[in-house]
Amino acid sequence: MSSKITEKIWSSDIERKIIEDWRVNNAYDNVETNHSKDRYFVIDTPPPYPSGRPWHIGAAAHYSQIDMISRVARLKGFKVIFPIGVDRNGIPVEIHTEKKYKIRMRNTERKEFLKLCKLTLDDTESEFIEILESLGLSANFKQKYQTDSPDFRAFTQSTFIEMWNKGLVYLGNRPNNYCIDCGTTIADAEITYEEIETKLVYIKFFLENNNEFIVIATTRPELLFACQAVIVNPDDERYKEMQGKTLKIPIFNREVKIRPHHSANKSFGSGAVMVCSYGDLNDVQLFREMSLTEIKSIDLNGKTTEFAEMFSNLRIKEARSKIIDELEKQGLVKKIEIISHRTPLCERSKTPIEIISLEDYYLKQVDFKSNLLEQSKQIKFYPEMHRQILLNWINSISIDWPISRRRFYGTEIPIWYCTECKKPNLPEPGKYYRPWDEHPPFDKCKSCNNDKFEGEKKIFDTWMDSSITPLYITKFYKNKEIFNNIYPVSIRPQGKDIVRTWLYYTLLRCLYLTNQIPWQSAWIMGYGVDEKGEKMSKSKGNVIDPLPIIKKYGADAFRFWSASETNVGYDFRCSELKIQSAQKFLSKLWNIGRFISNFEIIDENNKPQELKATDKWILSELSSMTKKCLEGYEELNFFIPANALREFTWNIFAAHYIEMIKSRAYNNESEEERKSALYTIHKCFRTILLLLEPISPFITYELWKKIYEDVEIVSEQKTIPSVEKEYDAFVSSTHHIIKFNSEIWNKKKETLSSVTNKPLSLKDPIKSQIPSELELFKDDLIMMHNIIVD
RNA sequence: GGGCCGGUGGUCUAGCCUGGUUAAGAUACCGCCUUGACAUGGCGGGGGUCGUUGGUUCGAAUCCGACCCGGCCCA
């Protein structure tokens, strides 16, 4: 008798060989799409963004779990379409490239800059893909797509042209969020807020032809010259008499009216507020409501305009301090307080955003809100609580989505403007267009027949690309038959931090283009936080790089940890100790496999007529474990199966059952009883491997191949373990068995051997009685403990 | 100001939806043990008024109310 497994411990080196095995056999590159809809499980995989090192351990856990989703679907018999793409457009790579080559985008020739971005991306991308493969991702790597490929960009442009033709896009000159550092318009979703200390300056405004003044507190004194009104709360007794009167703006001496408005907060500052173009979003609102004339205050480089007179062409901070100095010189400052002010920042560069009027393209969304709310009811959310993030976001939307960016590395907006009549001309959809560098694919302007054009230089917001992944992976535009077979796709797995961007924009765009929701369900994962429960961030320096951890413990240990640590939708803590303990479990499983592989395989075909009670008992426990696992998998909650498997395998199957049947397995006294044990032990082990496969695919694959000498565990023919009720009654014996075994072990420990004067060894005989409730298991218990019955 | 989530031995979590033995597991700590797969193992031990408080109930970690603390998101 010898074990089929020689390696004493499970080592992650074996994982690399298995990946090669899968690659050679095309195990997961199944792309066939010609069956009827209900046979497919299609995953709208998040395309990772290779923005630089290190990667985030939470992201690695995230992709591991997405893979578990795909493997569970295969276990249930679906054909799984698991694409993998790489998100390669947008500002982060531009910033990364600027740093890497020590250049500035705007001082670099556009073509040259694009080339360097591409190099940067290629570099980081290959490493990312390697990590994903080493995690055991069963995705279609052979047909990996990139969002900056001509094919994908043509796709993005086609959807834009279609939306343009439907009248959903417009060009608008409106105040918008602008990041001076990035030099572009940004969407609300790209803004973060931070409490920043700033000066609140109390400035005296004198009434016209009068020595009286009122005090106005502001954090933006540099915008004084762009002030077009002063508002006070209509209920504010202090200013009752002042409403409608005229004030003189200090330094600039222009006249503005005092107007009542409910948005003036009586308790902030002096209660009187200056309204400038534009200090914040409320100013924008007020300018619109009161039909005030905009004064352009800040230019695209972040400097004050000529309207600032002696303070023009200054950076915002400079202008602020100079104006404060001047006001103080003229005795117009009553006081200055330092306050903590909630400041909107650009998510990417962390620069305070300015509100500037610029011409940009907008995609309508405000008019579509109620439809979005209605349609989102049809999507199942895992977990349900995260639906609220989407609903809150939709409800808070107040302006249309600005989709153009004044940047370089992104999908070009496919528009040429007629030099004569200035009207936009759009090409036919289907091709990739680069208007800033190419001649238009038409000769004459549709409106005026002129033959000279200027190509649009702006590019799309990167969410314009990534928000069509469900359409791209289902061959929308390209193959109607495939598209009809597999759209809407089964599931969108993603992090909760990008619900208001990726999830929301995808819903919006897909509804516009297909009139259908893009996915049946959305599976929303929480953040990976550090050991102390704090959010990981590069600035805090607590980001854990997953690469060395995966190298050290192996992907399976990492995946098992990820499954057993994270409750679906909740944040999870990342600690190396926990990953170590996952590795120990795999070690245990490996050793159980080594033991089991000693014995001949008794399967359903030569199953004995009658099983021993002990065997029936473990089958009842197996069944209850299977039930828990399947329920957990049904909810896509891997925490449940991981813990059920660990508990059963280690604390019941190995600790009690295997010990109880060892003598029957080794000895040939009764062939039927031996077969009963061997049948049961293999049945349990196969079930464990099948159920663990979605979580830890490597070790289960290897053990299955070694012991059962086939690769059924990855094939489509594998059978999902069933929940059998036949032996249910035996479950009640579990706690009696555990209690009895424990008592005997304790007794042996407490009894000193007459020979060695040390506690009895587990092999030593001991006198005891078998309690009546364990009568059925008597034979196995006697052999297990070497009991001499009194 | 609004929304969502959480508070259970030293630490991290499960249990709560569906109330019912002595509150479970992992980890850390302490003690013992070469045993026919496994020392990356096995056995045993100490350690918790389940955030506070009021209510419902024969019975509350679990249901209801109020409050306190922490996290995240939005205004």
Side-chain angles (χ1 to χ4, degrees), chain A residues 1-11 188-189 191-193 263 265 280-282 342 344 383-398 496-500 524 526-527 529 531-535 553 557 561 564-567 569-599 628 637 639-640 642-644 646-647 650-651 653-656 658-659 661-663 665-667 681 685 703 735 741-750 756 758-764 783-786:
Chain A
M1 199 177 327
S2 69
S3 174
K4 290 174 189 163
I5 300 165
T6 44
E7 296 90 340
K8 273 200 139 184
I9 47 169
W10 164 249
S11 128
D188 285 351
I191 294 172
T192 59
Y193 291 84
S263 71
N265 182 346
D280 58 25
L281 279 175
N282 194 41
R342 195 164 168 278
E384 178 57 32
M385 68 176 176
H386 285 340
R387 180 192 301 279
Q388 203 57 39
I389 303 175
L390 176 64
L391 299 184
N392 288 351
W393 178 246
I394 295 175
N395 281 319
S396 74
I397 287 168
S398 61
K496 73 173 180 190
D497 49 338
I498 51 174
V499 168
R500 64 192 172 126
I524 311 293
Y527 307 117
V529 296
E531 270 174 299
K532 292 168 201 147
E534 283 174 32
K535 200 171 163 180
Y553 298 101
W561 161 77
S564 59
E565 188 64 23
T566 62
N567 205 340
Y570 290 84
D571 295 351
F572 55 97
R573 300 202 183 203
C574 301
S575 105
E576 201 173 329
L577 265 176
K578 299 245 173 171
I579 298 169
Q580 245 172 43
S581 93
Q583 191 195 30
K584 285 186 185 175
F585 171 63
L586 298 185
S587 222
K588 185 76 185 177
L589 184 76
W590 186 255
N591 279 306
I592 294 170
R594 288 179 66 211
F595 171 73
I596 286 176
S597 75
N598 282 313
F599 304 102
K628 267 186 230 162
N637 183 343
F639 175 88
I640 295 169
N643 285 292
R646 187 187 189 285
E647 174 64 19
W650 203 328
N651 296 343
F653 183 63
H656 296 279
I658 289 182
E659 297 304 326
I661 56 97
K662 260 185 190 167
S663 73
Y666 278 118
N667 303 318
I681 207 167
F685 200 62
L703 283 170
H735 79 271
N741 287 339
S742 188
E743 276 167 15
I744 299 289
W745 285 324
N746 267 337
K747 208 166 164 187
K748 286 198 175 175
K749 207 171 144 179
E750 284 154 13
T756 61
K758 285 192 349 195
L760 288 181
S761 137
L762 291 185
K763 285 186 292 192
D764 289 330
M783 292 303 288
M784 171 184 179
H785 296 292
N786 199 1

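Residue numbers start from 1 in every chain, and the chains themselves are labelled A, B, ... in the order their sequence lines are given, proteins ahead of strands. Since we're looking at a predicted model, the values are computed, not measured.
OP1 or OP2 of B/G6 has at least one side-chain nitrogen or oxygen of A/Tyr570 nearer than 4.0 Å. Taking 4.0 angstrom as the limit, A/Lys662 places none of its side-chain polar atoms (N or O) nearer than this to OP1 or OP2 of B/U35. A/Ser564 has no side-chain polar atom (N or O) that falls below the 4.0 Å cut-off from OP1 or OP2 of B/A26. Residue A/Arg646 places none of its side-chain N or O atoms closer than 4.0 Å to OP1 or OP2 of B/G25.
B/A61 sits 23 Å from B/C5 when the P atoms are compared, rounded to a whole Å. Across B/U62 and B/U53, the matching P atoms stand 13 Å from one another, rounded to whole Å. Comparing the P positions of B/C67 and B/A28 gives a spacing of 42 Å, expressed to the nearest Å. As rounded to the nearest Å, B/U56 and B/C64 have C1' atoms that lie 7 Å from one another. Annotation: B/G31 and B/A24 have their C1' atoms spaced 24 Å apart (nearest Å). Taking atom P on both nucleotides, B/A23 is separated from B/G46 by 13 Å, rounded to a whole Å. Spacing between B/C63 and B/G9 at atom C1', rounded to whole Å, works out to 26 Å. Remark: the separation of the C1' atoms in B/G25 and B/U18 is 22 Å, to the nearest Å.
Comparing A/Phe639 and A/Lys763 by the nucleotide of RNA chain B that holds the closest heavy atom to each, the one mapping nearer the 5' end is A/Phe639. When each of A/Phe585 and A/Arg500 is assigned the nucleotide of RNA chain B with its nearest heavy atom, A/Phe585 is the one assigned upstream, toward the 5' end.
A/Lys578 comes within contact range of at least one nucleobase, with a heavy-atom separation under 4.0 Å.
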